[in-house]
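One structure below.
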Amino acid sequence: MAEYAAPAAVEIVADQAKEYASPYLRYFFRYGEIVEDFKNQREALELKKERVKIRVDEAERQNELIHKDVDNWLTSAEKELKETQNLKDEIDRVKCFEWCPKWGWRYSLSKKLAEKIPIISKLLETSNFAQVGYRRPLQGIEFIRSTDFMHSKSSKSAFNQIMEAINAKGVNMIGLHGMPGVGKTTLAKEVGKHAREQKLFDKVVMFTMSENPNIRTIQDKVAEMFGLNFDKNTEEGRAEELFRSMQRVNKILVIVDDLWEEFKMESIGIPFGDDHEGCKILLTTRRQQVCTKMNCKEIQLGILSEDEAWVLFRDKAGLENDCSTLNDVAKEVAAQCKGLPLAIVVVAKALKGESLNEWRDTNQRFKDSTHLYDEEVLGGVLEPLKLSYDYLKGINQMTGINDIQMCFLLCSLFPEDEEIDIEILITCGIGVGLFPYVSLIEDKRKKIVEALKKLQKSGLLLETYVADTISIHDVIRDFAHWLTKTGENRFMVKDTLEEWPHMDESYTAIALWNCSSIIKKFPDKMEFSKLKTLFLEGERKRKRDDFLVVSGTFFEEMKALQVLLLQRVSFSLEGFPSLPNLKTLCCHDCMLKNFSSSLTNMRSLEILALIDTEIDEISEELVKLSALKYLRLSNVGVEREMNIPPNLVSRLTSLQELHVIPKNNLNLLELNSLSRLTALSLRLSTNQIPLEDFVLPKLQRYAIEVGECYDMFGEAFIRIGKAFIRTLNIQDFSSSLSAFNNLFCNVEALSLGNVGGQKNIVPSMDEMGLNELTSLQLESCNDMEFLIDAKNDQGSTVAFSNLVELDIKSMVSFKGLCYGLSPTRLLQNLKQVFIKDCEELQVIFQTPLLSNLTILRLHSLPKLKRIWEVKPSHRAIASLQSLKVVSIESCHNLKTIFSPFLALRMSHLQELDIRYCYRLQQVIGFGQEDEIIENDSPLCWSKLRILRIEFCINLKYVCANTCTQGLQSLESVYIRSCYQLIQVFNMEQNKHGHDIVLPELGSQNHCWTKLKTLRIVDCQRLKYVFANTLSQGFPLLESLHLENCPQLLQVFSSTKERDVIGDHILLNVPFLKDLVVSNCPQISCFIVQAQLIEELDLSNVGNSRQLCNTDVPVLNEGSIVVGNHEEVFQVQGGYSFSRIKKLKLGNLLEVRVIWNDFAQVVTLENLTTLRLNDCTKLRYIFSPMMACSLSHLVDLSIVRCEEIERLILAKDQVSSSSSNGDTSLQPMSFPNLTRIVVANCKKLNSLFPFGFVPVLPKLEILIVERNSKLEQVFELEEKVEVVAEEEMKFDKLEILSLEELPGLIHFCPKGYHSVFPAMTYLKVRDCPKLTTGFFIDSQEFVHCKIKLVEQYAVEESTTVKNAIFNENIYWSRGRGESQLPHIA
């Protein structure tokens, strides 16, 4: 037995040694455990980081903003993984041999690993992010671009009236009315733009109603602005959701454009009036009676005066301001436009550049024209619009039809206020025979796009904010409908159709939109012998399978039909053989029956587009469409992957364009049979690419995606208006790229992800230099070292000369843009650069021709030494004149950003963001030893708006020799954790190169007229921020944060008497909302006048300086004293500081009073948070009047305020002459107070002197600790004898802690007992005098009750004798700690 006992004993002793010996022995005894734990934790962190990174990348692709904590976590995780890689490698090298253990190595390594394990564990614990990003807040695209606002007498008057009504109380709806074309929409947009820029509202949203409004579309647009995702599907349910969402936003401006009839805004979900007093509605309408019916404040927008009309006309026609004959005629023409801006713009653009004779002819035509009818609807715009229409030059000699005019009329067939898809317009235009002398579809497309641009220039069409759409003004659309009421081209357009209209057979084009699925009198057959174009759309708000059902026979008698566009329609193709002239069939979101068997006789069909349409199958019957030139299949059928029969595509020999958007099984070898193919769109798997002897054909337009792509360029390929018309996206591909050789020569957008085997792009992929490429994205191409290998080239190659966007990520071998001599015109058009996670990259730019670069973002480039490397001979031509945004993060080896000669050529810089560049010493400095700058002019970045620098721990100063007058556009400055920073601006050096810190430089003081945000945090050596700035020089400042800057002496200085009061500098900041000054013990005292202040946080401010004994003089408005002073607020008037929401004061050693005069009435109705720490001389906080206004107080914390006696002054302590001494005060109530913490207040004798039973319905946490004189937590100010015991119920209180309260006798007043239904945690410790007992009843509610006096001892023994009195209690519900007694 002994032989077994000995090892066991040794093991026990060893375990005890490990447990109880010095913790350093643990590194020896548990080396194996520590190593294993470290490996497991690090591996888990690697996996978690990859998962988080994938989610972040996906969120960024969805244009989301990444949460700051997620971004910080990823940076920390990457940092730890890099730092611990060396430890991981060392583990394999340090081995413990049985006969000769390497104890020193083992100990050292074990200690390092043990220190890293908790750091990694903490990262893993904090890695479970519910969401990594959030949608960017929408600004409302209507207000992004400047409008064509005409500052006329009428528009100025209307604008001023609208703004006055917006600011007026009691006005919630404003109606702007005026004739069509007078500029109502333009003015409304200008109001919205002004309201947003001036921050008059929290949200500004605009939408168009039109004659037949689509409520769901409007709801979607408004909801998007408020970040709301609907749960309900009905219009009513969505309206209620939107209603509640908008009510949560304080101030909203809703602009409702083009309202035709009285309308209830509640049906959309817009609250106003009594439901939301902060919501104002501005509507525009042609009809004054609409304003009257809707009880609007009515404002009329009139026409332009004669002089104003001429100025606008002259500008749009491009005329000189002279007394020429041409101008005399032009003035007469302008007068015919009757002062209507829309008519003026259209006519002026039509005649721009024409000869004098043309102008005279036009003027005569105006004079000779007969009266045009429908003036009641279209007013005076008909004549000028007709003139502009007649001037559209594009007569087709073959057909006698004006192709440009027909393009315009086609646009009028689409619904009102619709953004018209240009690709659909092109297919319809080809179908009706536009430009018949052009044979190729690609050439027809160019002609139609050219026609649309001419229509835009003429003012008849409008540009949209989406590149591949166009729109038409509703007045001009009405004009087009007026044109097509009679004549050879007769059109009918109906929106929102519920009953079949009466129509004759003379129409050539019919468009019926939003037809009810239960439409009345829908015919089985219609005879339209002249009809060439038919657009038919089912109900927009239908259920998923609720189509507009149309019989196949409906189309049988439409013999002349050329274009058929169907949306949300279910029909059979059986009747189609009787449509011999049909050229274009486009079906969107339809259900086609008998598709495969019904194509036999559609021999004229040239364009077939099936989008989101359900069919039975793609079959051999498609071959019978012998004239088919254009085939588009997008999400067709019900299967995820489209099944195309073998050898089908190769027999469609007339095909010029093939667009198959979903995944498919197409054999690419079939494309070799399509000799006419010019455009191709495909999504392919990698195994569809033939390995040998296959090359895709040369194409004019294409979008090809190979592998698992994230749709980087979208369904862009078949749309003319997109930024790119030739895109190639290849992912996870390791084979030869020779199949794409014919595409590299003209590709515009190229994306390569995880593509192996390529060390460079030029010449490996294309020897010609990819000079049509405008966008290049590279990710995880681990073999690639350079974009260009020019080591064997003598500079004659032209490469990447048109590249605009460059995006490079996670390229482990990437060393630079170019190896060897830079090619001619390399990157000369480059505008945007984003490079991230390229471990080997040391230098980025070696070419001086970067004059177009606007955005530069660099992230996680650990070996980067220089961004720019420009030879001295090239410095004269080096320029960054267009650079606007620079963002650099985690480039730890970088010591400087800009050379002086480059910095002087950056006049357009707007944003500078630098983070985690640990070795960075200068933002602007000498990057090379031989660099000499001849021009020592001060730096002038006059457009810089945002400056942000974080965690650059060796950065000494931001801008040397900077002209502060050259930074007058600064709006935001944020500097954090730059421990060596001495001064932000205006650092000079003496002749020895040493820094000179001057509190005042020169005699000139400057103003920062646009600065809104100033935040300086954790800058240990910083002494000055704006050394020579007027303290009155911050008129727009909204946020000022100065935190943890122990050497900071002053933010600004002043030599002007008007800026100094006694020893204090006066800072007048009328828009300041939050002021935080914390741990700045050396800062000079200053006074702040800020009536809009919402958050104030002062802590350890000026404590190292002498007390400012100078009395603060009485000013004409309330002020805040920032510094080592006896008072914080100087109150003037009852509403001083009434907006304040958060008040935090800490470590203010001299503060005796917060408010200088308790006799003043101070309303704190918005205060939610009050926290006081270490204000050791403070005695009181509130007067009774103040306390009665604290209805919104949520969080109250008072810690280590040793002199404080009461939180609220007793009534007899307030001057009897003061209004605060009013005995008619309302009882104090704190309906929203949730958290109370009062600790280490030695002289505090009571918390709240309630005039009645305290009402704290939302109190959740109450912590009272180490308050030695406190006798009662809650007391009644009025001594009322309680006859029968009353109950004080705290419904929400969960946590109660009473500790080290030697004087505490009662928790609640005598005669009351307290009930805590929600309590989960109770701690009572070292309260020896406490006579309140705690117990639990049958409902598991916690009670506390005062111990009764002797005469009630019998009753007490039967009720609460088991309650715990003056004992330590530590109870937590459901956790098994000490239990409270149960008493029935």
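Position 1 is the first residue of the sequence, and the numbers go up from there. Atom set for the values below is all heavy atoms of this structure, side chains included, hydrogens, waters and symmetry mates excluded.
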To the nearest 0.5 Å, atom CG of N1100 lies from atom CG of L1148 at 8.0 Å
Check: S969 side chain, S942 main-chain N or O, donor-acceptor pair, under 3.5 Å:
yes
Give me the atom names and distance for the closest heavy-atom approach of F272 to C279.
CB-O, 4.0 Å
Does N1232 use its side chain to pair, donor to acceptor, with the backbone of S1191 at less than 3.5 Å?
yes
A quick test of your reading: do over 12 heavy atoms of other residues, nucleotides or ligands sit less than 6.0 Å from NE2 of H1192?
no
Between the side chain of T1168 and the main-chain N/O of K1141, is any donor-acceptor distance below 3.5 Å?
yes
Side-chain ion pair, E1203 and K1243, N-O less than 4.0 Å:
yes
Return the CD1 to CG distance between I953 and D1018, rounded to the nearest 0.5 Å.
12.5 Å
Sub-3.5 Å donor-acceptor pair from the side chain of S1119 to the main-chain atoms of Q1089, do we have one?
no
Is the NZ atom of K1144 crowded by more than 12 outside heavy atoms at less than 6.0 Å?
yes
Residue pair R1179, E1205: steps toward the salt bridge (charged side-chain N to carboxylate O under 4.0 Å, His left out) verdict:
CA-CA 6 Å; R1179 294 182 62 195; E1205 298 175 5; 3.4 Å; yes
Nearest 0.5 Å, what's the CD1-CD1 distance between I281 and I174?
9.5 Å
For a 4.5 angstrom cut-off between non-hydrogen side-chain atoms, does E950 reach S977?
no
Check step by step if side-chain contact (heavy atoms from CB on, under 4.5 Å) holds for V1101 and L1042.
CA-CA 10 Å; V1101 182; L1042 306 169; over 6 Å; no
Give a yes or no on whether Q247 atom CD has more than 12 heavy-atom contacts from other residues, nucleotides or ligands under 6.0 Å away.
yes
Does the D202 side chain pair with the main chain of K251, one donor and one acceptor, at a distance under 3.5 Å?
yes
Measure the shortest side-chain to side-chain distance between L1075 and V1069 over non-hydrogen atoms and say whether it is less than 4.5 angstrom.
no
Side chains of R945 and E911: does their closest heavy-atom pair fall under 4.5 Å?
yes
Take atom CG in D274; do more than 12 heavy atoms of anything else shown fall under 6.0 Å from it?
no
Are the side chains of I1198 and L1244 in contact, using a 4.5 Å heavy-atom criterion?
no
Heavy-atom count check: over 12 atoms from other residues, nucleotides or ligands less than 6.0 Å from F1071 CZ?
no
A side-chain contact here means heavy atoms from C-beta on lying under 4.5 Å apart; do F1129 and I1140 qualify?
yes
From CA spacing to verdict: side-chain contact (heavy atoms from CB on, under 4.5 Å), K199, E1038:
CA-CA 12 Å; K199 297 187 177 179; E1038 296 177 0; 3.5 Å; yes
Shortest non-hydrogen contact between L1178 and Y1180, atoms and distance
CD1-O, 3.5 Å
Minimum-distance pair of heavy atoms, taken over all atoms of K297 and A165:
CG-CB, 4.0 Å
Are any of the side-chain heavy atoms of S972 and R948 separated by less than 4.5 Å?
no
Correct closest heavy-atom pair for P1081 and C1045 would be CD-O, 4.4 Å
To the closest 0.5 Å, what do you measure between CG (L253) and NZ (K203)?
13.0 Å
Run the numbers on E277 and N172 for side-chain contact (heavy atoms from CB on, under 4.5 Å), then give the verdict.
CA-CA 7 Å; E277 293 181 357; N172 52 55; over 6 Å; no
Closest heavy-atom pair, L1067 versus F1034, reported as atoms and distance to 0.1 Å, is CD1-CD1, 3.9 Å
When you look at E1150 and K1177, which way does the salt bridge (charged side-chain N to carboxylate O under 4.0 Å, His left out) test go after all the steps?
CA-CA 6 Å; E1150 297 297 335; K1177 294 183 180 180; 3.0 Å; yes
Only one of K280, M225, M246 clears side-chain contact (heavy atoms from CB on, under 4.5 Å) with V254; which?
M246
When rounded to the nearest 0.5 angstrom, what distance separates CG in L1145 from CD1 in I1154?
5.5 Å
Would you check if L1190 and F1182 make a side-chain contact, meaning some heavy-atom pair closer than 4.5 Å?
yes
C1201 and D1174: which non-hydrogen atoms are nearest, and at how many Å?
SG-N, 4.2 Å
Please determine if R1171 and D1195 form a salt bridge, counting it only when a charged side-chain N lies under 4.0 Å from a carboxylate O.
yes
Are any side-chain N or O atoms of H276 and backbone N or O atoms of V249, one a donor and one an acceptor, separated by less than 3.5 Å?
yes
Could you check if a side-chain atom of L955 sits within less than 4.5 angstrom of a side-chain atom of I914, using non-hydrogen atoms only?
no
With rounding to the nearest 0.5 Å, note down the distance linking CG in L909 to CG in L947.
9.0 Å
Does the pair L1196 and L1207 meet the rule for a side-chain contact (heavy atoms from CB on, under 4.5 Å), with working shown?
CA-CA 11 Å; L1196 175 63; L1207 305 188; 4.2 Å; yes
